[in-house]
There are 2 protein chains.
Amino acid sequence: MASTNPGVAVPTIYDVAQLARVSPATVSRVINERGNVDAGMAQRVQEAITALGYRPNSLARSLRRQMAPVWTLIISDIENPHFTSLIRGVEDAAQAIDHSVVLCNADEDLTKERRYIEVAIAERAAGVVISPASDRHSSVDPLLASGIPVVTIDRRLRNSPVSAVLVDNTSGAQCATAHLLESGYSRVACITGPMRTSTAVQRLGGYRRALKRAGAPYDPRLVRVSDYKEAGGYEATGTLLAADERPDALFVLNSLMTMGALRCIADAGVRIPDQMGVVGFDDHLWAQLLRPTLSTVAQPTYDLGRTAAQLLIEQAESPDTAPRTVTLATELLVRESSVRTAAPR
Amino acid sequence: MASTNPGVAVPTIYDVAQLARVSPATVSRVINERGNVDAGMAQRVQEAITALGYRPNSLARSLRRQMAPVWTLIISDIENPHFTSLIRGVEDAAQAIDHSVVLCNADEDLTKERRYIEVAIAERAAGVVISPASDRHSSVDPLLASGIPVVTIDRRLRNSPVSAVLVDNTSGAQCATAHLLESGYSRVACITGPMRTSTAVQRLGGYRRALKRAGAPYDPRLVRVSDYKEAGGYEATGTLLAADERPDALFVLNSLMTMGALRCIADAGVRIPDQMGVVGFDDHLWAQLLRPTLSTVAQPTYDLGRTAAQLLIEQAESPDTAPRTVTLATELLVRESSVRTAAPR
DNA sequence: GTGAAAGCGCTAACAC
DNA sequence: GTGTTAGCGCTTTCAC
């Protein structure tokens, strides 16, 4: 029915100009509210626009302006709920300045990541926000070479001079670990994510620092490197529970793995918090619905996105400013899963 | 440092042509793998592309082709985890055919929705996937008039002839309600979402149908219309618990409200499942971590997105095909929260 | 099989 | 203040 309109051409700025008896330039001025246009003329233009149902072609506009009002948001794993409200933070900021957000799921895959960066360049994006799959492969260099503002989010890059928005992973992890030690747990295990991500490196660093400060030995047998996914958390926890000297507490470095860990602990019939203290990174609504309620390290995810957008705007306005790193605070939320109620075992 | 390169112009297809000593048309043919190009020439072109670091300007390409390889995905609430894997389903499909996804959060707001639709038209999007904020205001009409393929997802529109991908909300809700009744609960309450959404209408319909089939009376005092948000679920549950004749079971029509309901029930010290049976719409990983584990109606969210993408591709290929509605099955997952272990009270 | 040239729709000099 | 015009970078007839 109302599908394609074969004969009816989409009206252009020339059609509007003709109908309003002005030049295309004037129409353009009216649309973009640039320059002074006679009120009567502007009126006629508006009427012509309405009459024709004219909508500016932003492809043509962007081509002419050499820049599309688009931010490319490259996320390492969309399905990770941590990124959901971060995305929203970026999206809200984009909307405020009439930019669109192109969402790209790199899936922790460097090849996909690189392809999306190519797309961003090809589309002449106004900026790119990226949570890099790896802290070494600075796949963002082509962006810098193209003069496209870049901000890394959640994770940082080692060798590229780009702005970054991070949370204080080290201190978050340190607090969590210290808290477990102070609660009387002595063998605190840690399940970390891929060591090519700065978050895993920093959080593990915080864990180690807390051990050191507490005078506790660092025991590599209590550490499992996993993949930031639920199944990975389950499996890693399984090997910890099966180990000769079982840990009495567990610090899990993201929420998906935490869910896996909790599932495994439940399957094994181990009681939280008495037989096993647990703290997870990332806070979510369900954390307080669990019994015992789950202690977490909360991150300001929405602000992470919003701040990234700010840095992007900053850079677009003054491209020669040096890159900036903004670090947002984390907060340890102590709930029941990390506080013993009785003696262990 | 490597920020904008003021002097260095971005290479165009003409630069490549010049260096490879061929015409721009030939370069275009090589890039797009169209037409037959002499192998030697193609070789030279490839080398020139590499040498110059040339990347096609997709703005120019799309302008010329009158169409951007972009799908606009308008979601009514990004923060609702239900939509996360749906987004991923669309994104994966888009990636497979080299399309980008522009993510728009309409926030259940018709004005925002309409604005995003304008953007989609202005950008000459290749297609739009939308979960409409309202089933009446068919803000998609301008899209149809522009000949842009549209698919609604999760929700349907009443008066617009567009393809849709839905889940079988009615039967999902009916199963859940019937299950609660069969488990021996007699006063089954229901917390629904905004009645301008087809999901709320259909699920409430399923609830009523189950009551009818079981010979149970429909009591409006057991129904609360809320907003699909956590706080809304909390509040609605509060009013139900405060009512004269308290319900003994609760069916909540999405997961955010379910979390609110569970929090309220916990705060009130009401025991699940003995004093209150609970089933929630939408399954998530945390549902099985709760104690008691939470019964849910699971939806194939990823497939919802993937199917929407398929319909979009279908329509793009044959625009004159009549719109199609695909309904995917839901599944009732019976866990502990809806099965009594002892007598109530 | 290859090239020349027009033009997609818009904006921004520039001239008036 | 307004109009004329060139051109953003690409694809695609059309001619050879």
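Model, not experiment: these values are computed from the prediction. Chain A is the first sequence line, chain B the second, and so forth, proteins listed ahead of strands; every chain is numbered from 1.
- A heavy-atom distance below 4.5 Å is not found between the side chains of A:V140 and A:V128.
- At D:dT11, none of the side-chain N or O atoms of B:Q66 fall inside 4.0 Å of OP1 or OP2 (strictly under the cut-off).
- Listed by residue number, the members of residues 41-52 of chain B with any heavy atom below 4.0 angstrom from DNA chain D form an empty set.
- The salt bridge (charged side-chain N to carboxylate O under 4.0 Å, His left out) test applied to A:R158 returns A:D135, not counting sequence neighbours.
- Rounded to whole Å, atom C1' of C:dG9 lies 6 Å from atom CG of B:L63.
- The backbone N or O of B:S85 sits nowhere less than 3.5 Å from a side-chain atom of B:T301 that would complete a donor-acceptor pair.
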Could you give the side-chain donor-acceptor pairs of residues 11-19 of chain B under 3.5 Å, partners two or more places apart or in another chain?
from  : atom 1 : to    : atom 2 : distance (Å)
B:T12 : OG1    : B:Y14 : N      : 3.1
B:D15 : OD2    : B:T12 : N      : 2.8

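- Between the side chain of B:R124 and the backbone N or O of B:A68 there is no donor-acceptor pair closer than 3.5 Å.
- Contact check for B:R61 versus B:I31: side-chain heavy atoms found under the 4.5 Å cut-off.
- Contacts between residues 95-102 of chain B and DNA chain D, counted as heavy-atom distances below 4.0 Å, involve no residue at all.
- Side-chain contact check for A:V22 versus A:R44: some heavy-atom pair is nearer than 4.5 Å.
- Side-chain nitrogen and oxygen atoms of A:T26 include at least one within less than 4.0 Å of the OP1 or OP2 phosphate oxygen of D:dG3.
- Rounded to whole angstrom, the span from the CZ atom of A:R21 across to the P atom of D:dG1 amounts to 20 Å.
- Taking atom CE of residue B:M67 and atom P of nucleotide D:dT11, one finds them 14 Å apart after rounding to whole Å.
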For residues 93-107 of chain B, which side-chain donor-acceptor pairs fall under 3.5 Å, sequence neighbours excluded?
from   : atom 1 : to     : atom 2 : distance (Å)
B:Q95  : OE1    : A:Y116 : OH     : 3.4
B:H99  : ND1    : B:I97  : O      : 3.0
B:S100 : OG     : A:E123 : OE2    : 3.3
B:N105 : OD1    : B:I78  : N      : 2.7
B:D107 : OD1    : A:R88  : NH1    : 3.3
B:D107 : OD2    : A:R88  : NH2    : 3.2
B:D107 : OD2    : B:K112 : NZ     : 3.4

Atom pairs, N/O to N/O, protein against nucleotides 10-14 of chain C, distance under 3.5 Å?
from   : atom 1 : to    : atom 2 : distance (Å)
C:dC10 : OP1    : A:Y54 : OH     : 2.4
C:dC10 : OP1    : A:N57 : N      : 3.0
C:dC10 : OP2    : A:I13 : N      : 2.4
C:dC10 : N4     : A:Y14 : OH     : 2.8
C:dT11 : OP1    : A:N32 : ND2    : 3.2
C:dT11 : OP1    : A:R61 : NE     : 2.6
C:dT11 : OP1    : A:R61 : NH2    : 3.3
C:dT11 : OP2    : A:S28 : OG     : 2.9
C:dT11 : O2     : A:R64 : NH1    : 2.2
C:dA12 : O4'    : A:R64 : NH2    : 3.3

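- Side-chain atoms of B:S139 do not come within 3.5 Å of backbone N or O of B:R114 as any donor-acceptor pair.
- Checked by atom type, the side-chain pair B:E47/B:Q43 shows a donor-acceptor distance below 3.5 Å.
- Remark: side-chain polar atoms of A:S23 are paired, donor with acceptor, to backbone N or O of A:T26 under 3.5 angstrom.
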